[in-house]
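A note on names: the letters A, B, ... follow the listed sequences, proteins ahead of strands, and every chain is numbered from 1. Only this structure's heavy atoms are used, side chains among them; waters, hydrogens and symmetry mates stay out.
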There are 2 protein chains.
Amino acid sequence: MSIRLVRKLSQFTPLSNGDAQALNRLSEARLRLYQPRDTIMHEGEPPKVINLYLDGWAYRHKDLANGKRQITSIFVPGDLCDVNVFVLDRMDHSVSALTSVAVAEISRSAFEQLISEHPRIAQALWWETLVTAAIQREWTTNLGQRDAAERISHLFCELFVRLQSVGLTSGNSCPLPLSQAEIGETTGLTIVSVNRVLQDFRRTKLIALKRKTLTILDFEALKQRAMFNPNYLHLGRTDHAFSTEGEESTGLPSQDEETDD
Amino acid sequence: MSIRLVRKLSQFTPLSNGDAQALNRLSEARLRLYQPRDTIMHEGEPPKVINLYLDGWAYRHKDLANGKRQITSIFVPGDLCDVNVFVLDRMDHSVSALTSVAVAEISRSAFEQLISEHPRIAQALWWETLVTAAIQREWTTNLGQRDAAERISHLFCELFVRLQSVGLTSGNSCPLPLSQAEIGETTGLTIVSVNRVLQDFRRTKLIALKRKTLTILDFEALKQRAMFNPNYLHLGRTDHAFSTEGEESTGLPSQDEETDD
DNA sequence: CGTCCCCTTGAATGAAGTCAATACGCGTGG
DNA sequence: CCACGCGTATTGACTTCATTCAAGGGGACG
């Protein structure tokens, strides 16, 4: 069930069979399913459990007093998110489901036990946290310095590469379960502007986007348009992190990522 | 020397005298000073040391191919930053000095030893990392959903509250060592727009800003203008974090924060 | 006293937003 | 099978906020 979880983490640091088993046991704990538009965590509430996202797309968002809202992160299948949520007292944002989402709810104590007994998992979680922060910085840059077309093409490049790294692309296509309104809430644009940019991208044969499937017809041109540099995703290497003394491996194939340029 | 560092961390979780001493010893290791405009870490380079920021203002920034750049974070005195930099292979952004900055350079091994011997310090660092991430999300929202005046007033509210929490405000004034150009690079606006907003704020008696000193004349109105809600800064409580068994305290006064509304 | 950096202000331009009407796609129920 | 309804996408006309271009001013410093 949580193969994807183990696989994701083992991208960052080699996990032992013991680590993998511990993860599996944990994720079988309490499984919860959400439907599109369901809110998984609410801003302002104290976090009650740790959610390990096993499958599906979700997003963080912040809602403003004036009714506008910003999508601040998008979780694609394989992302974990919020493992450290207990360090803070209350949620400062909400998390909602974009597709149907499977979540393993872990109690605080079970989680603490896990990371104290499995330092490599803790390490991998650090890694994931830092990559998430790097993505957040890039989004800040995207919103602050790029125009409408650049923002949207950047978002597409990023999502494609992230999906590619977890094996969810096929050829130059990938799922994209976002409405134009949601693309707008992610990029700080109105629906109308998003629509015009998309029309333009289609006209110029940069992309095709139909029935929630994105096809990138000219990746080079799209990257150029976005000034996209994937370095901030920190993919493409398996052995980062703190020193690790040898131990038996999980036997999982290490992801092959063809994402660097 | 690193009183401020100890004080900052003890906001998050109580530190023992041993913890505090270890921090002191560490920060006396290699001290380095930077002048305004110096670049402390360069995007693209592998990190060589861990920088503990002892004093001064600095900022992260990302530079784009087209010459534009975005300031993605501002470090005020008391912030630590980049303690976890080794987990990633290369810097995905640069860090530069805004004022003169004092930095303690810690070797990777000394740092690893520190956190393994002093779990509470590790915990406090987690906390700091997560608050930094929360700020980054708020900045994403700021850039995506707020107009020029809202963005700038939000930035001012945030900086004031952060400075207040480390005792660097006096009355309703605080230092603000940013040029209008730099305010623009953090809020995604041009100098000209920043200037016009500031003029307007002065005319309407919201703020005064002169000689790098910001005075907030009407905090309530400024917060309103910004739709500022300080919850994301997660101030105002000392005991978050994972369970902690009792140990002798540092004797440092716990910061009193009057920042909640 | 001149230079550099930063701030200020006006006028023209432009990118994205707003408003509003229409079209499409898909599931439901008659 | 078709009509209806709802959410989503599309398009045009107009407006507005912020940018761009350009010129000038002030203060610090050598």
Quick one: is D:dA9 close enough that its OP1 or OP2 comes under 4.0 Å of any side-chain N or O from A:Asn195?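 For A:Asn195, the contact criterion (side-chain N or O under 4.0 Å from OP1 or OP2 of D:dA9) is not met.
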
Is the distance from OP1 or OP2 of D:dG7 to the nearest side-chain N or O of A:Gln180 less than 4.0 Å?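 For D:dG7, neither OP1 nor OP2 has a side-chain N or O of A:Gln180 closer than 4.0 Å.
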
Protein-nucleotide distance ([X], atom [atom1]; [N], atom [atom2]), rounded to Å:
X        : N      : atom1 : atom2 : answer
B:Lys68  : C:dA15 : NZ    : P     : 11 Å
B:Arg146 : C:dA16 : CZ    : P     : 21 Å
B:Gln145 : C:dA16 : CD    : P     : 15 Å
A:Leu178 : D:dT8  : CG    : P     : 12 Å
A:Leu143 : C:dA16 : CG    : P     : 13 Å
B:Ile152 : D:dC17 : CD1   : P     : 15 Å
B:Asn66  : D:dT19 : CG    : P     : 14 Å
B:Arg37  : C:dC6  : CZ    : C1'   : 10 Å

B:Arg146 bridged to B:Glu138 by N-O distance under 4.0 Å: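 Counted as a salt bridge, because a side-chain N and a carboxylate O are separated by less than 4.0 Å.
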
Are any of the side-chain nitrogens in A:Lys205 or A:Asp218 under 4.0 Å away from the carboxylate oxygens of its partner?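 No, no charged N to carboxylate O under 4.0 Å.
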
Write down the protein N/O and nucleotide N/O pairs, taken from nucleotides 21-24 of chain D, whose separation is under 3.5 Å; answer none if there are no such pairs.
none

Look at the rings of A:His154 and A:Tyr232 and say which category their plane angle falls in: under 30° parallel, 30 to 60° tilted, over 60° perpendicular.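 Parallel: the ring planes of A:His154 and A:Tyr232 meet at under 30°.
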
What closest approach, in Å, do [X] and [Y] show between heavy atoms, and which atom pair accounts for it?
X        : Y        : result
B:Thr141 : A:Lys62  : OG1-CD, 3.4 Å
B:Asp63  : B:Ser94  : OD2-OG, 4.3 Å
A:Gln164 : A:Thr169 : N-CG2, 3.5 Å
B:Ala134 : A:Asp92  : CB-OD2, 3.3 Å

Have a look at [X] and say if it touches a base, only the backbone sugar-phosphate, or nothing, with a 4.0 Å heavy-atom cut-off.
X        : answer
B:Arg151 : nothing
B:Leu198 : nothing
B:Ser193 : base
B:Gly184 : nothing

For the pair B:Ile135 and B:Glu158, evaluate side chain to side chain contact (heavy atoms under 4.5 Å, CB included) and give the outcome as yes or no after the intermediate values. CA-CA 9 Å; B:Ile135 292 174; B:Glu158 176 186 307; 3.5 Å; yes

Any pair with a residue in residues 177-219 of chain A that passes ring pair (Phe, Tyr, Trp, His ring centres under 6.0 Å), sequence neighbours left out, goes on the list, sorted by first then second residue, please.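 Sorted pair list: A:Phe160-A:Phe219.
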
Counting heavy atoms from C-beta on, name the nucleotide in C:dC7, D:dT11, C:dG17 closest to the side chain of A:Gln199.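 Minimum distance to the A:Gln199 side chain belongs to D:dT11.
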
B:Arg202, nearest nucleotide to its side chain (from C:dT8, D:dT19, C:dC7):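 Looking only at heavy atoms from C-beta outward on B:Arg202, the closest nucleotide is C:dT8.
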
Please list each protein N or O that sits under 3.5 Å from an N or O in nucleotides 26-30 of chain D, with the distance.
none

Any B:Ser100 side-chain heavy atom under 4.5 Å of B:Tyr34 side chain: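 Sidechains of B:Tyr34 and B:Ser100: no contact.
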
Which is more 5' along DNA chain C, the nucleotide nearest B:Ile191 or the one nearest A:Ala148? Just name the residue.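 Whichever sits nearer the 5' end wins; that is B:Ile191.
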
